[in-house]
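Structure first, then comments.
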Amino acid sequence: RDDAPLISVTGLTVDRSRRRVLESIDLSVHAGEFVAIVGANGAGKTTLLQAIAGVRRPPRGTVVVDGLDVHRADARTLSSRIGFVFQNPEHQFVSHTVFDELAHGLRLRRVPEPEVQERVADLLGRFGLEERAQTHPFLLSGGEKRRLSVGTALVAGATLLALDEPTFGQDRARADELLGLLRRLNADGTTILIVTHDMQLVTEHADRTVVLAEGRMLRAGPTAEVFADDELVERAGLRPP
Ligand code: ATP
């Protein structure tokens, strides 16, 4: 059905080191949305993103993405549905060249080499990395590293991209460059879920904003409505741009 959500989170509860850090989260996200998860430090944003992406298994609750129970799916199936970009993307890199980094996920899947070459060439172009194909991933600029991490997250065909603080430590110009890329992916149908403290990013780009405080969801609504609610903004410790 058309109106079925892409992501359904039901009764999600997560503990870390025996501390409850998320309590009974219910959330739906539709295909094609650009959604921001915000809240003060320690509110549980990263934990929620990890649980949705299947990185972290919760003691209670379910996450269904595109009909798939993410906590029962094997890693390969998961990565064909959800691309996850960690806060420090260089920690994900496993290859000696940008080209091989993008090819890695395809070769693991035994995609025939001529097709690998073709698909990687296409990705290099889409992510503005053609000139860097033979460079070691660690030698890329911060912005190039982020773009490469987005490319590797999507190489297996995922249509949901989950990013943890993608603009952290970047100046406005570099952040906006990455956001331009995310907007193009979103326009092409990729659903975007972002954890961030960057309120300019949220108010300019997110259709909907999910507000967490101390492990609970205070609100999930259209971004403009969330930021028009002074009491909510104050309570969640958000700083409007
Ligand atoms: P930030 O904005 O600071 O990144 P966040 O909203 O993303 O915060 P989480 O990183 O999800 O919050 O953390 C939620 C809670 O889990 C916090 O209270 C934090 O102290 C706790 N926590 C984080 N990492 C661990 C860990 N490795 N072990 C135990 N508890 C943790």
Is His96 atom NE2 crowded by more than 12 heavy atoms from other residues, nucleotides or ligands, each under 6.0 Å away? no
Charged N to carboxylate O below 4.0 Å: is that the case for Arg235 and Glu231? no
Would you say Arg109 has more than 12 foreign heavy atoms packed within less than 6.0 Å of its CZ? yes
How many angstroms lie between CG in Leu181 and CG in Asn186, if you round to the nearest 0.5 Å? 11.0 Å
Side-chain heavy atoms nearer than 4.5 Å, only ILVMFWY residues, links allowed to pass through others: does that put Leu48 and Leu6 together? yes
Check this for me: Arg107, atom CZ, are more than 12 non-hydrogen atoms of other residues, nucleotides or ligands nearer than 6.0 Å? yes
Glu204 atom CD, neighbour heavy-atom count above 12 within 6.0 Å: yes
Would one find more than 12 heavy atoms of other residues, nucleotides or ligands at under 6.0 Å from atom CZ of Arg110? no
Given side chains that start at C-beta, do those of Leu182 and Ile194 come closer than 4.5 Å, heavy atoms only? yes
Is it the case that over 12 heavy atoms from other parts of the model lie below 6.0 angstrom from the CZ atom of Arg20? yes
Are Leu212 and Phe227 connected, step by step, through hydrophobic side chains (Ile, Leu, Val, Met, Phe, Trp, Tyr) whose heavy atoms are closer than 4.5 Å? no
Examine Ile82 and Val9 and state if one hydrophobic cluster contains both, with Ile, Leu, Val, Met, Phe, Trp and Tyr joined whenever side-chain heavy atoms are less than 4.5 Å apart. yes
Hydrophobic cluster identity match, Val150 and Ile192, side-chain contacts under 4.5 Å: yes
Other residues, nucleotides and ligands only: do more than 12 of their heavy atoms fall within 6.0 Å of CD on Glu214? no
Below 4.0 angstrom, N of the basic side chain to O of the carboxylate: do Lys45 and Glu165 qualify? no
Does Leu178 share a hydrophobic cluster with Leu49, counting links as ILVMFWY side-chain heavy atoms below 4.5 Å and allowing steps through other members? no
Quick test of your reading of the model: are Arg183 and Asp176 salt-bridged, counting only N-O distances below 4.0 Å? no
